[in-house]
Amino acid sequence: MGRAEERRARQRGGRRAAPRRRRSAPTAATATAAAGTATATAGTRTAEAGNQAAGSAKPPKGRIRRLFTWKKILGTFFGTCLLIIAAFIGLYLYVDIPEGNAAAQRQSNVYKFSDGSVLARSGKVNREIVDLSKVPRKVQLTFVAAENKSFYHDVGVDFKGTARGLINTLSGKGKQGGSTITQQYVKNYYLNQDQTVTRKLRELVISLKVDREKSKDDILAGYINTSYYGRNAYGIQAAAQAYYHVDAERLKVEQGAYLAALLQAPSQYDWAVATPTGKRLVKQRWNYVLDNMVEEGWLSKAKRDGLTFPKPKEPKGAPGLGGQKGYLVELANHQLEQQLMRQEGLTQAQAENAVIEKGWTITLNIDPKKQAALESAVKSQLTSKLDRKKRRVDGDVQAGAVSVDPKTGKIVALYGGRDYYAHYYSNATRTDYQPASTFKPVILAAALEQNATTQDGQPITANTIYDGASRRQVLDHGAKVGFAPPNEDNRDYDKITVQKAMNASVNSVFAQMGVDVGMHKVMDTAKTLGMDTKGMQAVPAQTLGSMGASPLEMAGIYATLDNHGNKVTPSILKSAENKTRSVQIPDAVGGSVISRTTADTVTSVLTGVVDDGTASDSVAKNPLRGGRQVAGKTGTSDCNRSAWFTGYTPDLVTSVGLFGEAYKSGGTGCEGVPIKKGAHVSLTGAMGGGRVNGGGPPAKIWAAYTFGVSHRTRFDLNATQGAAVEPTGTPTVSHSPSETPSQTPSSEPPTASQTPSQTPSQSPSKTPSQTPSRTPSQTPSSEPPTDPATEDPLDPAPGIGRPPQE
């Protein structure tokens with residue numbers, strides 16, 4: 001091919017022809033191939049040009065595709081894995097198994113009064129190490145079945161659970177993932193409960209090393225000997241003594257299953273103080289443990305089916321916490337644990353283990369002067385007058401009280417019982433007795449807050465008139481709801497204002513009012529004010545305070561009213577710190593949960609209860625009153641099992657409750673049922689008197705204490721109705737029909753109250769007993785209460801023939 005031909009070929013191909021390697025003339029074959037190539041190339045170029053012209057050209061590779069190829073991604077992944085493996089190997093070589101010093105880590109907690117003076121120290125560790133051979137084999141296996149069924153053939157670490165725990169920690173959730181018995185032992189014996197990435201990584205490495213260097217039996221022995229079981233018991237020997245009063249070697253398999261179940265939440269699952277929910281959960285856990293043993297072949301199905309739940313023995317107080325100290329310390333520990341759970345995401349078991357004997361300095365809000373005054377008031381008005389040698393019922397009387405500053409929410413004084421050693425659980429925080437008519441202000445608050453009306457459309461105010469006939473059938477827009485509570489002594493009040501009905505605690509009025517407002521709204525208001533309403537039914541019987549509540553709860557509800565509707569959550573904690581951390585104590589006073597007008601109106605109405613109602617004798621006419629304005633409400637429950645007075649001055653709220661709890665078995669209760677120790681029983685006849693009313697000993701204790709320590713005398717109320725202000729209009733009348741079927745008895749002391757006044761007026765009455773309705777099964781004792789609770793709050797049968805309550 002000549003130069004002219006080459007030039008023409010280049011023009012046809014659209015690009016420069018490949019340079020020739022040598023000058024020799026090409027052969028015919030070569031020339032032919034070159035021409036073909038040029039022709040094909042030209043065709044391709046022509047096609048590409050056509051595609052581009054048509055707008056469908058394939059785009060060139062972008063920069064992102066060039067950077068993130070499959071090869072690069074896989075290379076980065078495997079490189080990262082290699083780095084992690086190398087880092088873990090380095091960590092494994094670097095971290096050694098430390099010396100076990102769990103006992104040395106136990107340090108005294110110091111508890112102080114609000115002024116800095118020492119209240120108590122708790123520091124003697126209740127632990128006795130026992131050899132695994134001293135623990136029955138099947139009892140050993142209950143712990144394996146509860147916590148780690150693969151214990152005998154795993155490597156000591158749950159990698160999936162640990163990874164989950166690390167992710168939770170890094171994301172701020174803080175909750176611990178699943179872990180093996182080996183990991184829990186390492187955490188208990190070598191490390192601590194801190195929820196940090198560093199601690200979790202060390203736990204992982206040490207667990208792997210411990211599993212290699214120690215036998216499974218040694219690890220299991222260490223685990224059951226270092227775990228915390230509640231009741232100040234560390235290790236299985238102390239736990240066996242604390243819960244069953246036997247040595248570990250004498251534990252039965254069903255008892256071992258309970259102790260193994262207990263480790264998940266020691267305080268919540270302690271049968272003596274557990275709520276109904278706690279008892280249900282620990283029974284479920286107990287069944288889970290035994291079912292796992294059957295599944296693993298460690299227990300025969302026949303043997304398992306023959307086992308019954310082993311209720312623990314009565315607890316005993318820890319040394320050094322006699323008198324009221326133990327009750328104060330227990331509540332402080334509980335509230336600190338709750339705060340750690342919220343702030344650090346600990347489980348309940350982890351929080352308990354992080355608090356008990358970990359070198360905390362805990363300052364309480366308890367004022368030593370007010371604490372001494374409250375204890376003195378209980379002694380002078382109650383315990384000094386009890387003599388169970390003369391009267392058996394005197395031994396059944398239990399008292400509890402909580403006093404709160406409504407402006408700050410601080411618990412300034414608390415009375416939990418006769419003595420922490422004599423009565424382990426606190427009467428100040430127990431929730432298994434009915435608050436009775438002290439619940440009625442909540443109904444009024446709901447009515448005012450919801451702008452509720454009567455059945456005939458009249459607004460509900462302090463001046464609204466209701467039909468106060470005893471056993472009047474409660475109606476819901478003309479339909480009977482199957483509830484007709486009697487008033488005390490079946491007294492009929494005919495037409496009566498809400499103010500006078502509150503003064504005299506007229507049950508029929510508030511039963512109808514609850515339905516007028518709507519029971520769901522009433523229970524929602526109770527929850528908003530601070531009552532734990534979980535599991536409570538929104539039924540008319542609740543208008544008579546038939547649920548369970550504690551003096552602590554009632555003090556919080558009334559403190560919210562005293563603080564003009566701003567939510568008060570009573571707190572015993574002022575500060576808490578140890579060498580590793582301090583805990584932020586939240587403000588005990590929150591924002592408004594009901595309007596100031598509603599709260600102040602209820603307060604105004606409650607001054608009438610003191611001046612012209614059921615608390616007149618003990619409070620209004622008390623010579624120590626000194627002109628103070630006082631608001632409050634009495635309550636006496638069904639069969640006189642409890643009696644209450646919860647009241648307040650402008651600067652102090654105190655709830656006092658008396659509870660009938662059988663101190664020994666024998667005799668029969670209100671329904672003729674044989675009495676067992678710990679059962680709910682009547683207070684009637686205590687101190688040589690008749691029925692124990694809320695306006696009696698509880699109100700006297702309240703007055704003896706409050707009038708000695710409170711200072712402010714006048715409420716600052718934003719209200720236009722109620723006993724503390726002059727009526728502004730004509731009372732409105734509610735024309736609710738009156739019927740008289742018999743139903744759940746429950747009523748408040750009949751006080752023919754006159755027009756409410758600011759000054760004390762003549763007193764009505766003593767306060768009788770309260771509503772039958774459903775009683776929670778949370779009796780904190782080794783035996784549950786034996787008096788039958790009404791399963792259906794609307795069932796009239798249990799109430800027939802009972803004395804009404806107020």
For this session: Not counting sequence neighbours, list each pair that qualifies as a ring pair (Phe, Tyr, Trp, His ring centres under 6.0 Å) and has a residue in residues 615-634.
Result: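 For residues 615-634, and leaving out neighbouring residues, there are no ring pair (Phe, Tyr, Trp, His ring centres under 6.0 Å) pairs at all.
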Please tell me if the side chains of [X] and [Y] come closer than 4.5 Å, counting only heavy atoms from C-beta onward.
X      : Y      : value
Val619 : Phe645 : yes
Val589 : Lys407 : no
Arg714 : Pro650 : no
Thr684 : Val393 : no
Val656 : Tyr415 : no
Val412 : Leu652 : yes
Cys670 : Arg641 : yes
Leu331 : Ile411 : yes

Could you measure the distance from the [atom1] atom of [X] to the [atom2] atom of [Y]? Nearest 0.5 Å is fine.
X      : Y      : atom1 : atom2 : answer
Asp405 : Asn365 : CG    : CG    : 9.0 Å
Ile585 : Gln339 : CD1   : CD    : 6.0 Å
Gln241 : Arg231 : CD    : CZ    : 12.0 Å
Glu352 : Glu337 : CD    : CD    : 4.5 Å
Leu119 : Ile366 : CG    : CD1   : 8.5 Å
Phe715 : Thr607 : CZ    : OG1   : 7.5 Å

Side chains of [Y] and [X]: any donor to acceptor distance under 3.5 Å?
X      : Y      : value
Ser114 : Asp367 : no
Thr429 : Tyr327 : no
Asn333 : Tyr111 : yes

Problem set entry | Salt bridge present between Arg491 and Asp489 (N-O < 4.0 angstrom) |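 Judged by the 4.0 Å cut-off on N to carboxylate O distance, Arg491 and Asp489 do not form a salt bridge.
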Problem set entry | Carboxylate-amine/guanidinium contact Asp611 Arg625, below 4.0 Å |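 Counted as a salt bridge, because a side-chain N and a carboxylate O are separated by less than 4.0 Å.
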List for me each residue that meets ring-ring contact (aromatic ring centres under 6.0 Å, His included) alongside [X], sequence neighbours excluded, and say none if there are none.
X      : answer
Phe707 : Trp702
Phe659 : Tyr433, Trp644
Tyr244 : none

Sequence neighbours excluded, which residues qualify as side chain to side chain donor-acceptor pair (under 3.5 Å) partners of [X]?
X      : answer
Gln398 : Asn427
Tyr705 : Ser403
Thr533 : none

Minimal non-hydrogen separation, [X] against [Y], with atom names:
X      : Y      : value
Pro485 : Leu544 : CB-CD1, 3.8 Å
Ala631 : Val610 : C-CG2, 4.0 Å
Leu561 : Thr603 : O-OG1, 3.7 Å
Met687 : Pro697 : CE-CG, 3.4 Å
Ala559 : Pro406 : O-CB, 4.0 Å
Thr646 : Ser655 : OG1-OG, 2.8 Å

Once salt bridge (charged side-chain N to carboxylate O under 4.0 Å, His left out) is applied, do any residues pair with [X], and if so which ones, sequence neighbours excluded?
X      : result
Asp396 : none
Asp115 : none
Lys410 : none

Verify, without hydrogens or angle tests, whether [X] (side chain) and [Y] (backbone) share a donor-acceptor contact under 3.5 angstrom.
X      : Y      : result
Ser710 : Thr706 : yes
Tyr558 : Thr438 : yes
Asn109 : Trp360 : yes
Ser682 : Cys639 : yes
His423 : Tyr421 : no
Ser470 : Asn487 : yes
Thr634 : Ala615 : no

Exercise. Taking Tyr420 as the fixed residue, which of Glu330, Lys325, Gln324 is the one that meets the side-chain hydrogen bond (donor to acceptor under 3.5 Å, both in side chains) rule?
Worked result: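 Checked Glu330, Lys325, Gln324 against Tyr420; only one passes side-chain hydrogen bond (donor to acceptor under 3.5 Å, both in side chains): Glu330.
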For this session: Please report the C-alpha distance between Ile701 and Leu658 in whole Å, then the side-chain angles of each, then the deciding distance to 0.1 Å, and finally whether the side-chain contact (heavy atoms from CB on, under 4.5 Å) criterion is met.
Result: CA-CA 10 Å; Ile701 292 170; Leu658 263 58; 4.2 Å; yes
For this session: Keeping to residues at least two apart or across chains, list the salt bridge (charged side-chain N to carboxylate O under 4.0 Å, His left out) pairs with something in residues 384-394.
Result: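 Sorted result for residues 384-394: Arg391-Asp394.
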Problem set entry | Derivation and outcome, side-chain contact (heavy atoms from CB on, under 4.5 Å), residues Leu606 and Met502 | CA-CA 7 Å; Leu606 292 183; Met502 184 73 79; 4.0 Å; yes
For this session: Any side chain to side chain donor-acceptor pair (under 3.5 Å) involving residues 369-381? Give me the pairs, sequence neighbours left out, ordered by first then second residue.
Result: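 Matches after skipping sequence neighbours: Gln371-Glu375.
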Problem set entry | For Glu661, the option from Lys676, Lys677, Arg430 that meets salt bridge (charged side-chain N to carboxylate O under 4.0 Å, His left out) |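 Of the listed options, the one satisfying the test is Arg430.
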Problem set entry | Step-by-step side-chain contact (heavy atoms from CB on, under 4.5 Å) determination, Arg712 to Arg628 | CA-CA 7 Å; Arg712 288 186 58 195; Arg628 294 176 181 84; over 6 Å; no
Problem set entry | Verdict with reasoning, Phe439 to Met547, per side-chain contact (heavy atoms from CB on, under 4.5 Å) | CA-CA 9 Å; Phe439 185 73; Met547 71 291 290; 3.8 Å; yes
